[in-house]
Amino acid sequence: MMKFAFSTNAFKKFTLTEAIRSIAQTGYQGAEIMCDRPHAYPPDLTPDSLKEFKKLLKGLNLSISNLNTFMLCALGDMHHPSWIEPTLEERAKRVQHTINCINLAAELGVPTISTEPGGPEPEKSAFLSTEKRNNLLKIFKEELAKVIPLAEKRKIKILIEPEPDLLIERSEQLEEFLKWFRTPALGINFDLGHFFCVGEDPAELIKKWGNRIDHIHLEDIADNRKHQHLLPGTGAIDFPKIFRALKEINYQGWVTVELYPYQESPVETAKKALEFLNRGLC
């Protein structure tokens, strides 16, 4: 049976400990950890703080669904520094952050980390030539290749998450990119809302990809398909169809609710989301 988690990135006004306690109290089986300030930015962590964190999780009987390494506000913002920054120096910051997060995942016993799909293109897609886009994809490939040996060694899977208006935003783009690699250390973070935003049917894509999906992000999206995460049940995504598709492929992994826009009411939002999901599975 699939397992539900809630991402701590909705709790940026709370400490990591407060966020974890709140998520456990709402009834979730797991929490996705934001590897950024103010939560689990690796350079801020100490052996003692990690020890206490693992003790807290054990006491709450709460698992970690995934380490979310997408945001890097400690060094930039939501999308920067990315894998495709203009300078090698800036790209190196993303590489080092990923290395740090791979090591953190191994320390915490978490098998996956999720990352951005390249980063924001320097020009809008409509104005980006095929040559420039291919060059950016080549840069992404080269930078990602720098962290794969460590991920393989530590048995951590790096999950690429397509997102609207970033370098890789559609399913076929991700499939083409993954063909460049022959490694068990790369996988798919399947964000339902992101695929809906770009006009794809997430339920049909679930059935197409099946067990290739390593982790799921869940949120609702308005019928205008604008990329704004909404509480499940308040937008236009056909969740009964989603749940049928997940049952059809016998999905046994984590479904993490990701509602970072709800910073003012994360506890109430987490409760409402879990109530909706539990009703949907009945």
Peer 1: Run the salt-bridge test on E268 and K272 with the 4.0 Å N-O cut-off and return the result as yes or no.
Peer 2: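 Here E268 pairs with K272 in a salt bridge, since their nearest N and O are under 4.0 Å apart.
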Peer 1: Are there over 12 heavy-atom neighbours, none belonging to E131, within less than 6.0 Å of that residue's CD?
Peer 2: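 Count not over threshold, so no.
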Peer 1: More than 12 foreign heavy atoms under 6.0 Å from NZ of K207: is that the case here?
Peer 2: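 Check passes, neighbour count above 12.
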Peer 1: Does K271 pair with E275 as a salt bridge, N-O distance under 4.0 Å?
Peer 2: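 No, this pair does not count.
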Peer 1: Taking the side chain as every heavy atom from C-beta outward, state whether D238 and D201 have any atom pair closer than 4.5 Å.
Peer 2: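 Side chain of D238 against side chain of D201, heavy atoms only: no contact under 4.5 Å found.
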Peer 1: Any idea which heavy atoms bring N66 and S114 closest together, and the distance?
Peer 2: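 Smallest interatomic distance, heavy atoms only, reads ND2-OG, 3.0 Å.
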Peer 1: Using 4.0 Å as the upper bound for N to carboxylate O, is an ion pair formed by E175 and R212?
Peer 2: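 The answer is yes: the pair qualifies as a salt bridge.
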Peer 1: So which atom in Y260 and which in H227 form the shortest heavy-atom distance, rounded to 0.1 Å?
Peer 2: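 Between these two residues, the closest heavy atoms are OH-NE2, 3.9 Å.
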Peer 1: Verify the neighbour count for atom CD of Q252: are there more than 12 heavy atoms of other residues, nucleotides or ligands below 6.0 Å?
Peer 2: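 It does: Q252 CD has more than 12 such atoms within range.
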Peer 1: Going through the checks in order, is the salt bridge (Lys or Arg N to Asp or Glu O under 4.0 Å) test met by E18 and R21?
Peer 2: CA-CA 5 Å; E18 291 168 339; R21 289 189 183 280; over 6 Å; no
Peer 1: Show every donor-acceptor pair shorter than 3.5 Å between a side-chain atom in residues 52-61 and any protein atom, with sequence neighbours excluded, or say none if there are none.
Peer 2:
{"from": "K54", "atom 1": "NZ", "to": "E107", "atom 2": "OE2", "distance (Å)": "2.8"}

Peer 1: Which of parallel (below 30°), tilted (30 to 60°) and perpendicular (above 60°) describes Y28 and F6?
Peer 2: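 Geometry flag for F6 against Y28: tilted rings.
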Peer 1: Please enumerate all residues that pass salt bridge (Lys or Arg N to Asp or Glu O under 4.0 Å) together with D214, with sequence neighbours excluded.
Peer 2: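 With sequence neighbours excluded, D214 shows a salt bridge (Lys or Arg N to Asp or Glu O under 4.0 Å) to K157, given in chain and number order.
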Peer 1: What are the two closest non-hydrogen atoms of D44 and R37, and how far apart are they?
Peer 2: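 In this case the closest contact between D44 and R37 is OD2-NE, 2.7 Å.
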Peer 1: Look at the rings of H79 and F70 and say which category their plane angle falls in: under 30° parallel, 30 to 60° tilted, over 60° perpendicular.
Peer 2: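 Taking F70 first and then H79, their aromatic rings stand perpendicular (interplane angle over 60°).
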Peer 1: Using the side-chain hydrogen bond (donor to acceptor under 3.5 Å, both in side chains) definition, which of the options E32, H217, H215 pairs with T256?
Peer 2: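 So, applying the side-chain hydrogen bond (donor to acceptor under 3.5 Å, both in side chains) to T256 and each of E32, H217, H215, only H215 qualifies.
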Peer 1: Looking only at side chains, do W83 and T98 share a donor and an acceptor under 3.5 Å apart?
Peer 2: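 Side-chain D/A pair, W83 to T98: absent.
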Peer 1: Between W209 and F195 (judged by ring centroids, cut-off 6.0 Å), do the two rings come close enough to count as a pair?
Peer 2: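 When the ring centroids of W209 and F195 are compared, they turn out to be within the sub-6.0 Å range.
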Peer 1: Going by distance alone, is a donor N or O of one side chain under 3.5 Å from an acceptor N or O of the other, for D48 and T46?
Peer 2: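 The answer is no; no qualifying pair exists.
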Peer 1: How close do T26 and V267 get, heavy atom to heavy atom, and via which atoms?
Peer 2: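 The pair with the smallest heavy-atom distance is CG2-O, 4.2 Å.
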Peer 1: Nearest heavy-atom pair of A40 and L104: which atoms, and what distance?
Peer 2: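 Result for this residue pair: O-CD2, 4.0 Å.
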Peer 1: Is there a path of hydrophobic side-chain contacts, each under 4.5 Å between heavy atoms of I/L/V/M/F/W/Y residues, joining F14 to M34?
Peer 2: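 They do not share one cluster, since no chain of ILVMFWY contacts under 4.5 Å joins M34 to F14.
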Peer 1: Testing the basics here: between R91 and E85, what is the closest heavy-atom pair and its distance to 0.1 Å?
Peer 2: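 Looks like NH1-O, 2.7 Å.
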